[in-house]
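Order of the sequence lines fixes the chain letters, A, B, ..., with proteins taken first and strands second; residue numbering starts at 1 for each chain. What you see is a predicted model; the values in this text were computed from it and never measured. Heavy atoms only: backbone and side chains are in, while hydrogens, waters and symmetry mates are out.
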2 protein chains.
Amino acid sequence: MSAQDFRFIKACWGKPVDKTPIWIMRQAGRYMKEYRDVREKAGSFLKLCKTPDLAAEVTLQPIDALGVDAAIMFSDILTVPEAMGMDLDFLDGEGPKLGPVIRTAEDVSKLHISRPEDLSYVTDTIKILRNDLQGRVPLIGFSGAPFTLASYMVEGGSSKNFIELKKMMFQNRETMHKLLGMVADSVRDYLNAQIEAGAQAVQIFDSWAGHLTPRDYREFALPYTKRIISELRRDGIGEGPIPVIHFVYNGSSLLEDVQTAGADVVGIDWHIDIADARARINDDLAIQGNMDPTVLFADPEEIRERAGEIIKGNGGQPGHIFNLGHGILPPTPVEHAQELVKAVHDLS
Amino acid sequence: MSAQDFRFIKACWGKPVDKTPIWIMRQAGRYMKEYRDVREKAGSFLKLCKTPDLAAEVTLQPIDALGVDAAIMFSDILTVPEAMGMDLDFLDGEGPKLGPVIRTAEDVSKLHISRPEDLSYVTDTIKILRNDLQGRVPLIGFSGAPFTLASYMVEGGSSKNFIELKKMMFQNRETMHKLLGMVADSVRDYLNAQIEAGAQAVQIFDSWAGHLTPRDYREFALPYTKRIISELRRDGIGEGPIPVIHFVYNGSSLLEDVQTAGADVVGIDWHIDIADARARINDDLAIQGNMDPTVLFADPEEIRERAGEIIKGNGGQPGHIFNLGHGILPPTPVEHAQELVKAVHDLS
C-alpha cells in the first residue's frame with residue numbers, strides 16, 4: 001500500500017475517500033488510562049517525550065483503542081526551544097516553564113538554530129513507529145509555528161495577555177524578527193528531519209497567533225510559517241508528496257490570510273461553522289476540524305448528532321479531515337471519543 | 001445640555017460628531033495610582049464596589065486624568081450572581097470565587113431573581129455620580145450578559161475550558177435554560193434600575209460567549225441578551241432614549257448573530273479589522289473598538305499611528321466609539337493611555 005492510498009492522505013489532497021478520515025489532537029493523552037500508566041512509568045512528561053520506545057507506545061494506543069485514521073507522533077512543541085539552548089521543565093499543574101526568558105538582542109544571541117542531533121529522540125520515535133505501524137495508518141509529524149514558540153520563549157511559559165511578547169514586538173521589532181527567523185530555521189530543519197525519518201504528513205500548530213490583530217499576524221506570524229512550508233521536503237522520501245496541515249487556534253478571523261501560508265490543509269476551530277469556512281477558503285485546500293472538544297462530555301446521541309452536523313456542513317466535499325477544534329481534554333470519557341470516531345465513519 | 005448632545009451619545013446613534021469619542025474598558029482600574037490608593041483605603045475590591053462614595057470617586061478619576069468622553073460606573077459583573085443568592089469573594093491573584101456552584105435543578109431552585117434593593121449600592125453610586133459629573137460626560141451603566149454570568153455561577157469562577165458549563169448545556173439543557181432565564185430577568189431589572197437611577201447608556205458584556213459554536217451561541221447566549229434588550233426602559237427617564245452597547249469578547253466569528261441582539265452599538269475586539277466588521281454589520285448600527293490593549297505598551301508614536309489606522313479603517317462613518325478591544329491591563333503606563341485619548345481626538 002502506498003502512502004498516497006491512505007484515506008487520510010487522500011483527504012489532505014482533496015481526493016475522494018470512502019469515509020471521512022478522523023484523528024484527534026492530543027489523541028495520545030491523559031484521557032486514556034493506558035497513557036497515564038506509561039507516563040507514570042516514564043517518570044515525567046518530558047522523559048516520556050524523550051524515550052522513543054515509550055513515546056512510540058503511547059502514539060499507538062489511540063490507533064488501537066479508537067480506530068482513528070492517522071497516528072501523530074507523541075512529542076511536545078517546546079522541545080524545539082530547548083534544542084535552541086533554553087531550559088525546559090513541566091511542573092505539575094503549572095504548565096511549561098522555559099528559561100532564561102528571551103527579551104533582548106543579547107538574549108537572542110545566546111540561542112542557536114537547533115541541530116537535528118539535539119532532537120534525535122523525535123526522529124528515533126518516528127523510525128520505531130513506522131516499523132510498528134506496518135502501514136496500518138499514516139504517521140503525522142508536527143511542530144509549533146515560530147510565533148507560538150517565540151511567545152513561550154519570551155514569556156517563559158503560558159501567558160494570558162502576552163504583555164512581554166507584545167512589548168518586544170512593538171518596542172524591539174528588529175530583535176523580535178531576528179528571534180522569529182532563528183525559530184523558523186529550526187522548525188524547518190526539524191520538520192525536514194521528521195520527513196526524512198518517515199513522517200508522512202506534517203502539521204504546524206500556531207496556538208497563539210489568534211491573539212494578534214490581522215496586521216500583526218501578517219508581520220509576525222504568517223511570513224515565517226510561509227517560509228518554512230516553502231522550504232520543506234514536500235517531495236518526501238520515496239512515498240510521494242508530503243501534505244502540510246496548518247492550524248491557527250482562534251484564527252477564524254484570519255482565515256483569508258492563514259490559507260496563503262502554503263499548506264494543503266487548513267485547520268479550523270469550533271468558533272466558525274465549517275460551511276462558512278468552506279466559503280472563505282480556496283476550493284483547492286482541504287479543511288480539518290471542527291468539533292468543540294467539550295461536545296465529548298455530551299451523551300453519545302448528541303455527539304453523533306453534532307458529528308453529523310459538521311459532516312453535513314462540509315457539504316460532501318472530499319477534502320475534509322474530521323478533528324476536534326483543539327486538543328482532547330483530559331477528563332473526556334474514552335468511550336465518548338470512541339463513539340465520535342464510529343459516528344464519523346458511519347455518517348460519511 | 002441634553003444627554004443627547006454628548007459626543008458619545010451621538011456616536012451611539014450614528015449621528016455626526018466633532019471628534020470620535022473614546023472611553024476605555026476598565027478605565028477606572030489598577031493602572032492608575034489614584035485608583036490603587038482608593039482601593040487600599042476600601043480594604044478590598046468588593047468593598048470598593050459596595051461603597052458608593054469610593055466607587056464614584058474611582059469612576060471619576062479617568063475623566064480627569066485621561067479626558068475620556070464617557071464615565072462608566074465602577075462595579076463588577078459578579079454582583080448580580082451574589083444578589084441572586086451566591087457567595088462572592090475575590091482572592092488576590094486568583095480571580096473571583098462564587099459558591100456554592102450551580103450544577104443541578106436543585107441548585108437553581110435555591111437562587112432567586114435579584115431584587116433592586118440587593119444592588120442598591122450600585123444605584124446609589126450612579127446617583128452620586130450624576131450629581132458629581134454635572135453633565136461633563138455621560139454616565140454608562142453595565143451588566144454581564146446572562147451566558148457569562150451563568151458560566152461563573154456553574155464553574156465557580158474563571159475557567160479555561162468551561163467543562164462543567166458545557167456538561168450542563170449538553171446533558172442538562174432544561175436546567176441550563178432555567179438558570180439563564182433567571183439571570184436574564186435579574187439583569188433586566190438591574191439595568192432598568194440603573195437607568196432609573198440615571199445611567200445614560202448601558203453596556204452588556206458577554207465575556208465568554210466567544211467560546212461557543214455559532215449554534216450554541218444562538219441557543220444559550222443570544223436569545224437571553226435579546227430579550228433583556230427588548231425589555232429595557234429604552235425611553236429613559238426624561239433625557240431621551242438610552243443607547244445599548246453589546247460586546248461579545250472573541251466574538252468576531254459571531255458578528256452576524258451578535259448584531260441581531262437589538263443593541264445600537266456592537267463592540268468588537270482586535271481580532272478583526274474594523275473595516276471588515278463595518279462590512280459585516282448593518283449600516284444603522286454603531287461600532288465600538290477596537291485597539292489591542294497591548295498596543296499601549298508601545299511607544300507614543302506607534303500608539304498614535306495605530307489609533308490613526310483604526311480611525312482610517314472606520315472610513316469616516318459617524319457611528320464609531322473608540323475603545324480598546326478588552327479591558328486596559330494593570331501594568332499599562334498611564335501616560336500611554338493619555339496619549340491614546342489625545343491621538344484619537346487629534347486624528348478624528
Peer 1: Within the supplied structure, the quantity of interest is the number of heavy atoms (other residues, nucleotides, ligands) at a distance under 6.0 Å from B:K178 NZ; does it exceed 12?
Peer 2: no
Peer 1: Can you tell me which of B:D269, B:L329, B:D299, B:N290 forms the most heavy-atom pairs within a distance under 4.5 Å of chain A?
Peer 2: B:L329
Peer 1: Is the number of heavy atoms from other residues, nucleotides or ligands under 6.0 Å of B:R26 CZ greater than 12?
Peer 2: no
Peer 1: Can you tell which of B:M169, B:H326, B:E305, B:M291 has the highest number of heavy-atom pairs within less than 4.5 Å of chain A?
Peer 2: B:E305
Peer 1: From B:I272 CD1 over to A:L254 CG, what is the distance, rounded to the nearest 0.5 angstrom?
Peer 2: 9.5 Å
Peer 1: Near A:E335 CD, under 6.0 Å, is it more than 12 heavy atoms from other residues, nucleotides or ligands?
Peer 2: yes
Peer 1: Looking only at heavy atoms, what is the nearest atom pair of A:S253 and B:H271, with distance?
Peer 2: CB-O, 3.0 Å
Peer 1: Heavy-atom distances under 4.5 Å only: say whether B:L212 touches chain A with side chain, backbone, both or neither.
Peer 2: backbone
Peer 1: Which bit of A:P331 is near chain B, if near means a heavy-atom gap under 4.5 Å: side chain, backbone, both or neither?
Peer 2: side chain
Peer 1: Under a 4.5 Å heavy-atom cut-off, does chain A meet the side chain of B:E164, its backbone, both or neither?
Peer 2: neither
Peer 1: Less than 4.5 Å to any heavy atom of chain B: does that hold for the side chain of A:D216, its backbone, both, or neither?
Peer 2: side chain
Peer 1: Of all heavy-atom pairs between B:F170 and A:D292, which one has the smallest distance, and what is that distance?
Peer 2: CZ-OD2, 4.5 Å
Peer 1: Heavy-atom count around A:R30 CZ within 6.0 Å, excluding the residue itself: above 12?
Peer 2: no
Peer 1: Side chain, backbone, both or neither: which part of B:R173 has a heavy atom under 4.5 Å from chain A?
Peer 2: side chain
Peer 1: Check the surroundings of atom CD in B:E174: do more than 12 heavy atoms from other residues, nucleotides or ligands lie under 6.0 Å from it?
Peer 2: no
Peer 1: Between A:N250 and chain B, which part of the residue has a heavy atom less than 4.5 Å away: side chain, backbone, both or neither?
Peer 2: side chain
Peer 1: Please rank A:E309, A:R215, A:Q171 by heavy-atom pairs under 4.5 Å with chain B and give me the top one.
Peer 2: A:R215
Peer 1: In terms of heavy-atom pairs under 4.5 Å with chain B, which of A:T332, A:D273, A:D276 leads?
Peer 2: A:D273
Peer 1: Looking at every heavy atom in both B:H211 and A:W270, which two are closest together, and how far apart are they?
Peer 2: O-NE1, 2.7 Å
Peer 1: Quick check for you: among A:N161, A:I163, A:L165, which has the greatest number of heavy-atom pairs under 4.5 Å with chain B?
Peer 2: A:I163
